[in-house]
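Below: one structure, written as structure tokens.
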Amino acid sequence: MDFDHEGLVESDAGHPEARIQRRYPWERQDSTGEVPAQAQRDDSSQQPPSPPVSSSSPESNENGSRSNGKTRADLTREETRRLNICMGNLTNWLMGSSCKTISVPRDLRTHVRELFIRNPAWMLKLEGEKGSRMLERLKDLHVISPQQMEIYQTQGIKSTPGDDFLDYLFRRGIRAVLNFTMVLYEEEKLEAVVSIVEHIAKRGYVPNETTSPEQRIAYLSESRMTPGDIHVKTGLYQGGSRTYPMKSRPRGYVLLINNEEFTHSGGAYGDRAGTHVDGDNLCALFVQLGFEIFEKRQFWNKTKTQMVQIVRDFAGSSIHHNADAVVVCILSHGTTKGRISGTDGEHVTDSEIEGYFGPNECKGLAGKPKIFLFVACRGGERDLGMKISQSSPANGSDVVADTLPSEMLTWSVQTDERGPRMRNNSGPQDKISNSVDFITVHSTVPDHLSLRHTKDGTFFVQEFVKVLAEEAHMYDFQTMLAEVNNRLGQLSHKGEMQTMVFSSTLRKNLFFNPGY
């Protein structure tokens with residue numbers, strides 16, 4: 001199935017635009033978000049009364065409530081199976097159209113109220129700074145209206161279960177309840193999710209609509225993130241001598257060059273609409289990981305000469321001496337052999353940019369991890385993948401397409417210009433190779449396209465930000481990059497797939513230790 005509607009997906013090689021529908025699966029059709037009046041009904045006469053809390057519910061303390069819910073790691077195999085089934089149902093319901101006009105039955109209202117009265121710790125905290133972010137999230141999902149969010153922010157909100165918030169939630173209809181449940185899942189209120197979804201499923205309030213692999217994959221890519229949506233979980237990994245130190249404040253500095261307008265490229269490239277979303281999201285992510293944005297800004301629309309000068313000045317700065325790492329992000333158009341375009345259509349290579357950060361050139365970063373993100377096309381080849389199973393959701397998924405001019409459809413092998421390296425066991429210990437401690441991440445493999453949505457940003461950055469926000473508190477960087485690749489592999493664009501790639505000369509594990 002091809003999507004050919006409002007949104008636009010392009011590649012970073014100056015291709016003609018192609019259209020794609022990017023409607024949120026939870027998006028309502030009316031402006032207020034309220035369930036239409038004709039759909040409001042009292043289902044109490046049609047549904048059985050709410051049963052008592054089942055014996056399968058988690059154990060309560062002597063006061064009848066639990067102070068803490070189970071995390072994913074606490075779940076048994078059976079509980080994990082039930083959670084997976086519930087999330088499958090929840091995803092299916094939200095992708096369907098039936099729930100848009102269904103009101104909340106009375107026994108479901110009673111069930112939800114009793115659930116949070118008995119387990120108040122499972123309710124979302126909607127006050128304070130975290131509460132403000134949570135309200136923004138609920139607004140984005142149309143659980144609450146912008147006007148209601150302003151009321152809560154100015155007049156406060158009762159956090160006691162069974163209060164006016166639940167009354168308002170129920171008036172919004174069952175789709176609002178489903179999206180509220182999705183937020184509970186995001187906040188790891190897992191037992192509450194299972195209780196609500198199983199109650200709805202048992203009574204058949206929302207029909208299970210058949211969804212195609214294309215719809216399922218489109219749903220996975222629909223959750224557009226903004227800086228306000230990015231919340232990095234905190235955690236500390238004690239790895240001793242086998243991990244890089246990561247405790248400095250700031251952790252290090254991030255240089256971000258973001259080329260959007262290519263009006264002076266002589267027609268070689270078009271503008272990169274949507275790249276501002278990538279830039280903002282990367283800034284929000286790295287700040288929460290403990291880094292500081294160099295000069296507290298993105299460097300917008302730079303020519304090749306300007307890019308080189310900015311990189312040289314950044315690498316030569318004394319700010320790196322007290323830092324534990326460095327990050328360089330280049331977002332632009334690109335082509336084969338590592339060439340990245342300035343706004344004037346002239347190119348600088350990725351290896352040239354990395355070369356300014358070796359120990360000989362940048363002594364303040366000697367022995368410290370150096371992270372490079374290059375978000376750009378690397379040629380015009382297409383990866384059409386190989387169908388491995390008739391039932392595999394990742395196969396046959398379509399997001400959008402681009403077309404390259406035939407003269408750009410070239411193929412070449414990316415080689416390591418530095419050549420092979422061999423360990424020197426006899427050398428002095430105070431000497432370090434000029435090539436170690438680098439990790440370079442490309443949004444696509446050599447000679448291939450890198451896809452970018454003109455409203456949501458590149459597919460790579462969307463998944464990169466999500467994974468690091470969710471997992472940086474417990475996994476090392478290379479493990480998280482593998483998960484980014486896994487998630488990219490679940491998306492396709494008119495049968496064309498995208499794979500990121502990274503190369504590393506790191507000598508130790510790299511944990512970001514966010515919050516510590």
Side-chain angles (χ1 to χ4, degrees), residues 10-14 252-262 265 268-269 271-283 285-286 291 293-295 297-317 325-358 361-362 365 369-379 414 417 438-446 448-452 457-462 464-465 468 481 484 498 500-504:
E10 303 173 341
S11 71
D12 286 325
Y253 292 86
V254 178
L255 171 64
L256 202 157
I257 298 177
N258 199 342
N259 289 337
E260 180 179 23
E261 299 175 356
F262 286 76
S265 64
Y269 296 107
D271 291 348
R272 300 181 63 251
T275 190
H276 66 284
V277 177
D278 284 345
D280 292 346
N281 286 343
L282 287 171
C283 286
L285 171 70
F286 282 111
F291 289 80
I293 309 302
F294 181 55
E295 294 191 5
R297 66 188 179 101
Q298 301 178 50
F299 290 83
W300 288 95
N301 301 323
K302 301 303 177 184
T303 65
K304 176 228 174 170
T305 301
Q306 291 170 332
M307 290 169 62
V308 171
Q309 188 60 51
I310 291 169
V311 169
R312 292 182 63 178
D313 292 345
F314 177 64
S317 174
V326 68
V327 180
V328 176
C329 305
I330 309 292
L331 288 65
S332 190
H333 282 302
T335 184
T336 58
K337 299 182 180 179
R339 291 175 294 173
I340 300 167
S341 177
T343 55
D344 56 353
E346 298 295 321
H347 298 91
V348 58
T349 64
D350 50 6
S351 58
E352 182 180 350
I353 291 173
E354 295 171 16
Y356 292 110
F357 294 86
E361 294 78 13
C362 185
L365 289 172
K370 294 166 272 287
I371 301 168
F372 295 85
L373 297 182
F374 295 107
V375 183
C377 280
R378 305 178 72 187
Q414 180 75 17
E417 297 179 2
F438 284 81
I439 183 164
T440 302
V441 184
H442 285 275
S443 59
T444 188
V445 294
H448 283 70
L449 302 173
S450 178
L451 300 176
R452 168 177 40 81
T458 59
F459 292 177
F460 164 73
V461 171
Q462 290 181 58
F464 179 85
V465 170
L468 266 66
L481 289 177
V484 174
Q498 180 173 335
M500 57 140 282
V501 65
F502 69 91
S503 60
S504 171

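What you are looking at is a predicted structure, and each value in this text was computed from that prediction instead of being measured.
- Taking CG of Asn259 as the reference point, atom OG1 of Thr343 lies at 5.5 Å (rounded to 0.5 Å).
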Could you walk me through whether Val375 and Phe464 satisfy the side chain to side chain contact (heavy atoms under 4.5 Å, CB included) test, starting with their C-alpha distance in whole Å, then the side-chain angles of each, then the deciding distance to 0.1 Å, before giving a yes or no? CA-CA 11 Å; Val375 183; Phe464 179 85; over 6 Å; no

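- In plain terms, the two heavy atoms of Glu261 and Asn301 that are nearest each other are N-OD1, 2.9 Å.
- Distance check: Asn258 CG to Trp300 CH2 gives 4.0 Å after rounding to the nearest 0.5 Å.
- Across all non-hydrogen atoms, the minimal contact from Gly334 to Ala376 is N-CB, 3.9 Å.
- Although no hydrogens or angles enter the test, the distance criterion places a donor-acceptor pair under 3.5 Å between the side chain of Asp344 and the main chain of Glu346.
- Between the Arg452 side chain and the Gly274 main chain, no donor and acceptor come within less than 3.5 Å of each other.
- Between Asp350 atom CG and Lys337 atom NZ the span is 13.0 Å, to the nearest 0.5 Å.
- The side-chain heavy atoms of Thr335 and Tyr269, taken from C-beta on, include a pair separated by under 4.5 Å.
- Contact of the His347 side chain with the Ser341 side chain is registered, since non-hydrogen atoms from C-beta on lie closer than 4.5 Å.
- Taking CZ of Phe372 as the reference point, atom OG of Ser503 lies at 10.5 Å (rounded to 0.5 Å).
- Using a 4.5 Å heavy-atom threshold, the side chains of Leu256 and Phe286 count as separate.
- When every heavy atom of Ser332 is checked against every heavy atom of Phe262, the shortest pair comes out as OG-CZ, 3.4 Å.
- In this structure, CD1 in Ile340 is found 11.5 Å from SG in Cys377, a value given to the nearest 0.5 Å.
- His442 approaches Met500 most closely through the heavy-atom pair O-CB, 3.3 Å.
- Contact of the Thr440 side chain with the Phe374 side chain is registered, since non-hydrogen atoms from C-beta on lie closer than 4.5 Å.
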Any chance you could lay out the side chain to side chain contact (heavy atoms under 4.5 Å, CB included) test for Leu373 and Leu282, step after step, and finish with the verdict? CA-CA 10 Å; Leu373 297 182; Leu282 287 171; 4.3 Å; yes

Please determine whether side chain to side chain contact (heavy atoms under 4.5 Å, CB included) holds for the pair Phe299 and Gln306, giving the CA-CA distance in whole Å, both sets of side-chain angles, and the decisive distance to 0.1 Å.
CA-CA 10 Å; Phe299 290 83; Gln306 291 170 332; over 6 Å; no

### side chain to side chain contact (heavy atoms under 4.5 Å, CB included) assessment of Tyr356 paired with Phe314
CA-CA 9 Å; Tyr356 292 110; Phe314 177 64; over 6 Å; no

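- In this structure, Val311 and Ile257 have side chains that are in contact, with non-hydrogen atoms separated by less than 4.5 Å.
- In this structure, Phe357 CZ and Lys370 NZ are separated by 9.5 Å, a value rounded to the nearest 0.5 Å.
- Annotation: salt bridge (Lys or Arg N to Asp or Glu O under 4.0 Å) contacts of Glu361 (sequence neighbours excluded): none.
- For the pair Gln298/Ile293, no side-chain contact is recorded, criterion being any heavy-atom separation below 4.5 Å from C-beta on.
- No donor-acceptor pair under 3.5 Å is formed between the side chain of Arg312 and the backbone N or O of Gln309.
- The shortest non-hydrogen separation linking Gly279 to Leu331 is N-CD2, 4.1 Å.
- Residues Ser450 and Gln498 are in side-chain contact: their nearest non-hydrogen atoms beyond the backbone lie under 4.5 Å apart.
- Of all heavy-atom pairs between Cys362 and Ala315, the closest is SG-O, 3.0 Å.
- Within the 4.5 Å cutoff, the side chain of Ile330 has no heavy atoms near those of the Val348 side chain.
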